[in-house]
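A short write-up of the structure that comes next.
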Amino acid sequence: HKQEEESDREAEKKKSKKKTEKVNSCLSQVICLPSIMLALKWEEEKYEDGVKWKFLEHNGPYFPANYEPLPDNVHFYYNGKKVKLSLAAEEVALFFAQMLDHEYSTKKVFRDNFFKDWRKEMTHEERLLIQDLEKCDFGELHAMHKAKVEARKNMTKEEKLVVKEANQKIVDEYGYCLLDHHKERIGNFKIEPPGLFRGRGEHPKQGMLKKRIQPEDVIINCSKEGRIPIPPAGHRWKEVRHDNTVTWLASWTENIQGSIKYIMLNANSKLKGEKDWEKYEIARKLKSCVDDIRNQYMQDLKSKHMGTRQRAVALYFIDKLALRAGNEKEEGETADTVGCCSLRVEHITLHELLDGSECVVEFDFLGKDCIRYYNKVPVIRKVFKNLKLFLENKQPGDELFDRLNTSVLNKHLSSLMPGLTAKVFRTYNASITLQQQLKELTNSNVAEKLLSYNRANRAVAILCNHQRAPPKTFDQSMANLQAKIDARKEQLALAKTELKQAKKEAKTKGSSDPKLVERKKAAVKRCEEQLLKMEVQATDREENKQIALGTSKLNYLDPRISVAWCKNMEVLVDKIYNKSQRDKFAWAIDMTEADFEF
DNA sequence: CTCACTACTTAGGAGATGCGCG
DNA sequence: CGCGCATCTCCTAAGTAGTGAG
């Protein structure tokens, strides 16, 4: 009966959503849908605005296994004395013990947060006893965990197969849903297990307890008509609703930030694919009006209104440097990171002259995921002058753009072009950069073609500042490759000598083996090819040391550019996209002709 | 305008998987 | 056939962007 009420509430909510949906519909009218829909059998009914599905059925999320108490021979000690913890306290103690090898378990913020949350899980008596984290000895718990990891690693083939089959069974049961007559893969069908929260960078909440999610915390979203997922035995769902204006199948509220987590479809699903295609179509539309927009913000740099000037400078950065929008964030809730609109005075330094360039802006700030953005950029004089103006009478901690935020900026952008927001510039600039770079490069053999492709991909990754930690084994594997190259070089020299010898013999005394010269020639050629391939690989790997290509490939580069390139260059799509990428971009692989222009 | 809330995309790292080589 | 490394998959945090109330 409660669930009935909930769905009534939902119906009312939907009515108030009507207005929103009108706006969305404008957007889809701007972009013409038909061609791709036919290509992909997406032709079935196009629903009224905002409706994402007509039928949705699934088995609900998969819950992690319950906590298994410690075996009798593993103990926790406080102040040197054996202490048998309550189940709840023990579980959390084990979370900490498992992290003892990580550097962050030594950080004060992490330890303080952990200890505070751990004590909340303790019984009254435990809380009285355990007052100092330093006096806690998790040694045996830690050792047990390490032994378990080791044991898992040393499993026999048969044991591994058993585990694999069990996992497959879970995927079969929970990993798929039925959405409008199609069986679709679910992206994340597992409820996130409890543990200690570790944010990125200097996160103020690191070490806090991320609580176990119960079915009573979970909202299920599915069709009224179909089967409703059955909660685990002895449990009930928080709510079952039937909202077909959203794409999620289940959700719960996470206790660290209080944000909502969703169970959603896999990237290869029709719903996600259409959205992805739409994203690139909007970016292509920007291509057709970007000149006007650029002229406009150049004019705005001279505006009488400070707000307009700030908007223009921000837009200049977003366009030229592919900066993120930079929503404001709640202080103390997350690590201190910024994007364009939230840049502070301390994040830029102005240089009238630097390394032979005039009007250089030096950026140094932490962006998303605490990845450092460091760049020295010559800018046009008008931008430089404006920045000087914005900096006047401000302290390092003050906002650079005090009259601007992302909502003001996006409102302006959507007035210039329907669907235009700050992030569209990133998509547009990434994709157009790839297309340009690929045009400039021509190579003969496949290895070189792929190096060219990777270089173009890399140019985009650098633009978008997609970094990675250098792989732990980088130096070693680089040295190994170099050794292989050296060995091959020697082999090549030898092969050449042998060829010469063979030629000489053939000339002087007529050969005992008439094919010998041919064979030696082939050996030299093979050797040269292998050497080239390795050298190309070495270059590629070196240039890629700290650059992550995956993110741009997956999220910013219109796959049709890549597919068209493959067709033109006669490179197999498999060479640039792995299986899951091919799945995600199936729509582009199906529909793209060699003459595609972004 | 601000704030809270929601829904969705984008992100790097850890661990699992698998592949080439001797 | 096992080993060591590269690649891929999974995980979930951290963004963007929109809505509506006050």
Side-chain angles (χ1 to χ4, degrees), chain A residues 13 16-21 23-24 27 52 102 149 152-153 157 160 163-164 167 171 187-193 195 197-201 203 205-206 210 219 221 243 245-248 251 253-254 256-262 264-267 271-272 275-276 279 324-330 333-335 337-342 366-371 405-411 413-414 419-424 426-427 430 461 464-469 471-474 476-478 480-481 484 537 541 544 546 548-556 577-581 583:
Chain A
K13 218 166 142 194
S16 69
K17 266 192 176 175
K18 270 273 158 62
K19 219 174 83 191
T20 318
E21 289 155 14
V23 177
N24 288 340
L27 220 163
K52 306 289 178 20
H102 282 106
V149 170
R152 201 177 319 140
K153 216 170 65 190
K157 246 184 201 161
K160 280 181 184 165
V163 173
K164 202 177 168 186
N167 285 332
V171 173
N188 57 327
F189 56 88
K190 289 178 175 170
I191 294 280
E192 295 172 16
F197 176 80
R198 167 64 202 173
R200 315 264 162 84
H203 198 115
K205 300 198 168 186
Q206 65 191 91
K210 179 167 136 173
I219 302 172
N221 192 34
D243 182 355
T245 67
V246 295
T247 65
W248 53 268
S251 71
T253 300
E254 150 273 341
I256 303 287
Q257 322 270 359
S259 66
I260 308 170
K261 301 268 189 166
Y262 301 92
M264 287 188 188
L265 296 179
N266 188 277
L271 224 44
K272 294 273 189 191
K275 200 80 190 300
D276 208 34
K279 172 180 79 184
R324 293 187 186 83
N327 284 320
E328 49 268 70
K329 311 166 60 183
E330 217 173 325
E333 293 292 301
T334 61
T337 61
V338 297
C340 185
C341 293
S342 51
L366 295 181
K368 181 176 179 179
D369 293 323
C370 287
I371 298 294
N405 60 44
T406 53
S407 125
V408 169
L409 178 65
N410 281 335
K411 210 163 269 171
L413 289 175
S414 69
L420 186 61
T421 63
K423 91 185 181 92
V424 177
R426 251 166 103 79
T427 311
C464 294
N465 199 40
H466 292 142
Q467 297 188 35
R468 63 165 182 177
K472 287 185 191 84
T473 55
F474 185 85
Q476 184 57 53
S477 77
M478 217 54 210
N480 291 351
L481 185 57
K484 269 164 78 180
Q537 195 187 0
R541 204 187 290 173
N544 233 16
Q546 301 193 70
L549 300 185
T551 303
S552 48
K553 208 178 203 176
L554 225 52
N555 300 299
Y556 289 101
Y577 289 143
N578 68 34
K579 180 72 178 81
S580 59
Q581 291 165 339
D583 275 354

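In what follows, chains carry the letters A, B, and so on, assigned in the order in which the sequence lines appear, proteins first and then strands, with residues in each chain numbered from 1. These numbers were taken from a predicted model, which means no experiment stands behind them.
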Self-check item: A:Thr247 side chain, from C-beta outward: closest of C:dT9, B:dC8, B:dA11
Solution: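 The answer is B:dC8.
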
Practice problem: From the options B:dA7, B:dG12, B:dG13, select the nucleotide whose nearest atom is closest to the side chain of A:Thr551. | Solution: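 My answer, after comparing the listed nucleotides, is B:dG12.
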
Between [atom2] of [N] and [atom1] of [X], the distance in whole Å:
X	N	atom1	atom2	value
A:Arg152	B:dG15	CZ	P	9 Å
A:Lys411	B:dT2	NZ	C1'	12 Å
A:Arg468	C:dT7	CZ	P	9 Å
A:Asn221	B:dT6	CG	P	14 Å
A:Ile260	B:dC8	CD1	C1'	11 Å

It should be established whether [X] places a side-chain nitrogen or oxygen under 4.0 Å from OP1 or OP2 of nucleotide [N].
X	N	value
A:Lys275	B:dA7	no
A:Arg426	B:dA11	yes
A:Tyr556	B:dA11	yes

Pairs under 3.5 angstrom, nitrogen or oxygen only, protein versus nucleotides 10-16 of chain C, please.
residue, atom, partner, partner atom, Å
C:dA13, OP1, A:Lys210, NZ, 2.9
C:dA13, OP2, A:Lys261, NZ, 2.4
C:dA14, OP1, A:Arg200, N, 2.7
C:dA14, OP1, A:His203, ND1, 3.3
C:dA14, O4', A:Asp369, OD1, 3.4
C:dG15, OP1, A:Thr337, OG1, 2.8
C:dG15, OP1, A:Asp369, N, 3.2
C:dG15, OP2, A:Lys329, NZ, 3.0
C:dT16, OP1, A:Ala325, N, 3.3
C:dT16, OP1, A:Gly326, N, 2.7
C:dT16, OP2, A:Asn327, N, 3.0
C:dT16, OP2, A:Asn327, ND2, 3.3

Sugar-phosphate only, base, or nothing, as touched by [X] at under 4.0 Å among non-hydrogen atoms:
X	value
A:Ser407	nothing
A:Leu554	nothing
A:Lys153	nothing

Exercise. State, without any angle test, whether A:Ser259 and A:Glu254 hold a side-chain donor-acceptor pair at a distance under 3.5 Å.
Key: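 Yes, because at least one side-chain N or O of A:Ser259 sits under 3.5 Å from a partner of the opposite role on A:Glu254.
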
Exercise. Go through the side-chain N and O atoms of A:Thr337 and A:Lys329 and say whether any donor and acceptor fall under 3.5 Å apart.
Key: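 Indeed, the side chains of A:Thr337 and A:Lys329 share at least one donor-acceptor pair under 3.5 Å.
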
Quiz item: Which residues pass the ring pair (Phe, Tyr, Trp, His ring centres under 6.0 Å) test with A:Tyr556, sequence neighbours left out?
Solution: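 For A:Tyr556, the residues satisfying ring pair (Phe, Tyr, Trp, His ring centres under 6.0 Å) (neighbours in sequence not counted) are A:His466.
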
Practice problem: Tell me which of A:Tyr577 and A:Leu420 sits closer to the 5' end of DNA chain C, going by the nucleotide each one is nearest to. | Solution: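 Between the two, 5'-proximity favours A:Tyr577.
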
Practice problem: Return the set of residues passing salt bridge (charged side-chain N to carboxylate O under 4.0 Å, His left out) with A:Lys190 (not counting sequence neighbours), or none when no residue passes. | Solution: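 So A:Lys190 forms no salt bridge (charged side-chain N to carboxylate O under 4.0 Å, His left out) with any residue.
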
Quiz item: Taking only residues two or more places apart in sequence or in another chain, which ones pass salt bridge (charged side-chain N to carboxylate O under 4.0 Å, His left out) with A:Lys205?
Solution: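 Residues passing salt bridge (charged side-chain N to carboxylate O under 4.0 Å, His left out) with A:Lys205: A:Glu333.
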
Protein-nucleotides 17-22 of chain B N/O pairs closer than 3.5 Å?
none

Quiz item: At what angle, to 10 degrees, do the two end axes of the helix from B:dC1-C:dG22 to B:dG22-C:dC1 meet, given five pairs define each axis?
Solution: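 Between the first-five-pair axis and the last-five-pair axis there is 20°.
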
